[in-house]
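Written out below as structure tokens is the structure these notes cover.
Numbered from 1 within each chain, the chains take letters A, B, ... in sequence-line order.
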Number of protein chains: 2
Amino acid sequence: MEIIIDIEGSVPLFAQLIEQIKQAVLNDKIMANDPLPSIRQLANDLDLNNKTVAKAYRLLERDEVIQTKGYRGTFIHPNAKVNSSVDLNALVLTKLNKTIDTLRKEGVTDSEIRIAFSDVMNNRIS
Amino acid sequence: MEIIIDIEGSVPLFAQLIEQIKQAVLNDKIMANDPLPSIRQLANDLDLNNKTVAKAYRLLERDEVIQTKGYRGTFIHPNAKVNSSVDLNALVLTKLNKTIDTLRKEGVTDSEIRIAFSDVMNNRIS
DNA sequence: TATTGTACCATTTGATGTAAGGGTACAATA
DNA sequence: TATTGTACCCTTACATCAAATGGTACAATA
């Protein structure tokens with residue numbers, strides 16, 4: 001399994017890592033229950049910071065593409081292949097787009113939407 | 001009708017202006033069809049920029065609290081009293097909160113929500 | 001001709017959030 | 001004792017956006 005990180009590009013490093021691991025799963029280059037390099041190891045190999053790799057792993061685990069077993073290491077999730085094809089991001093986009101579309105059609109300005117969004121995200125609701 | 005603007009406070013100037021005009025309507029200090037000072041006049045009186053007052057008027061007209069009649073000036077909307085009590089912002093907060101709550105419960109990180117939000121607002125949807 | 005709301009062009013200031021990196025420390029284990 | 005994932009602390013660089021301001025110009029009109 002080869003991972004190539006483009007430092008120059010605009011795509012965040014952790015996002016590149018996630019994308020490539022998902023692709024490797026989809027292309028059967030890594031199979032369910034296969035072990036993955038440790039965070040520190042992979043960070044060292046790719047010349048990335050530990051935190052960057054840890055972030056990618058954290059998100060991959062949330063999406064059940066990988067499975068961390070504490071001190072025993074990290075492994076490909078049994079359902080990795082199915083879960084790798086689920087584009088959580090697309091679902092988020094769709095839901096948000098629907099809500100924002102409704103607001104815009106009611107005449108709410110983008111500026112007002114942004115402020116309200118910020119309030120919600122920061123739990124500053126009345 | 002007296003309007004007092006607090007330059008020091010954190011509440012945006014245009015927002016203070018909107019709030020005070022709505023309050024004046026709700027308290028019967030200005031009645032339906034009453035004329036309002038022109039944008040330039042009010043900006044001069046309150047020592048604000050024309051654009052700041054124009055912004056407040058634009059939003060007040062959208063909410064049908066006031067009515068602009070081009071060169072003839074600006075007047076209080078016939079339905080001003082009812083419309084002044086409608087808190088559009090609260091509606092926006094509620095709708096956005098509902099959507100974001102759903103996403104969060106699905107495990108989507110705030111960071112991902114913010115990025116998706118930004119994409120939607122800037123029409124960067126695939 | 002002066003005034004009305006409005007529509008552009010632009011700028012500065014401040015706040016906020018992401019991405020990435022750096023450091024330290026922890027419990028659980030082989 | 002070295003390694004595992006993880007959880008904190010913090011900093012830097014960069015991007016985006018709100019808010020406010022400034023200037024110029026327009027058609028419609030009294």
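Residue contacts shown for B:Glu61 are limited to sugar-phosphate atoms, with no base heavy atom under 4.0 Å away. Counting any heavy atom pair closer than 4.0 Å across all strands shown, A:Lys69 reaches no nucleic acid atom.
When rounded to the nearest whole Å, the span between CD of B:Glu8 and P of C:dG14 equals 13 Å. Atom CG in B:Asn44 sits about 15 Å away from atom C1' in D:dT21, given to the nearest Å.
Along DNA chain D, the nucleotide nearest B:Leu48 and the nucleotide nearest B:Asn122 are compared for position; the residue whose nucleotide lies closer to the 5' end is B:Asn122. Mapping A:Met121 and B:Arg58 onto DNA chain C by nearest heavy atom places B:Arg58 at the nucleotide closer to the 5' end. Of the two residues contacting DNA chain D, namely B:Ser118 and B:Asn49, the nearest-nucleotide position lying further toward the 5' end is that of B:Ser118. Checking B:Gly70 against A:Ala15, the closest nucleotide of DNA chain C that is more toward the 5' end is the one next to B:Gly70.
A sub-4.0 Å separation between OP1 or OP2 of C:dG17 and a side-chain N or O of B:Arg114 is present. The phosphate of D:dT21 has OP1 or OP2 within less than 4.0 Å of a side-chain N or O from B:Thr52. The side chain of A:Tyr71 places an N or O atom within less than 4.0 Å of a non-bridging phosphate oxygen (OP1 or OP2) of C:dT29. At D:dT4, none of the side-chain N or O atoms of A:Thr68 fall inside 4.0 Å of OP1 or OP2 (strictly under the cut-off).
At a threshold of 4.0 Å, the pair A:Glu112-B:Arg62 counts as salt-bridged, since one of the basic side-chain nitrogens sits closer than that to a carboxylate oxygen.
Taking the side chain of A:Arg40 as heavy atoms from C-beta on, and the options C:dT4, D:dA19, D:dT6, the nearest nucleotide is D:dT6. Across D:dA18, C:dG5, C:dA19, the shortest atom-to-atom separation from the side chain of B:Ile115 is found for C:dA19.
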Derivation of the side-chain contact (heavy atoms from CB on, under 4.5 Å) call for A:Asn44 and A:Arg40: CA-CA 6 Å; A:Asn44 195 59; A:Arg40 292 175 177 83; over 6 Å; no
Could you walk me through whether A:Arg58 and A:Thr68 pass side chain to side chain donor-acceptor pair (under 3.5 Å), step by step? CA-CA 9 Å; A:Arg58 192 184 338 122; A:Thr68 67; over 6 Å; no
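For the side-chain contact (heavy atoms from CB on, under 4.5 Å) test with B:His77, the passing option among B:Leu60, B:Asn83, B:Val82, B:Asp63 is B:Asn83; the others fail.
No side-chain N or O of A:Arg114 forms a donor-acceptor pair with one of A:Thr109 less than 3.5 Å apart.
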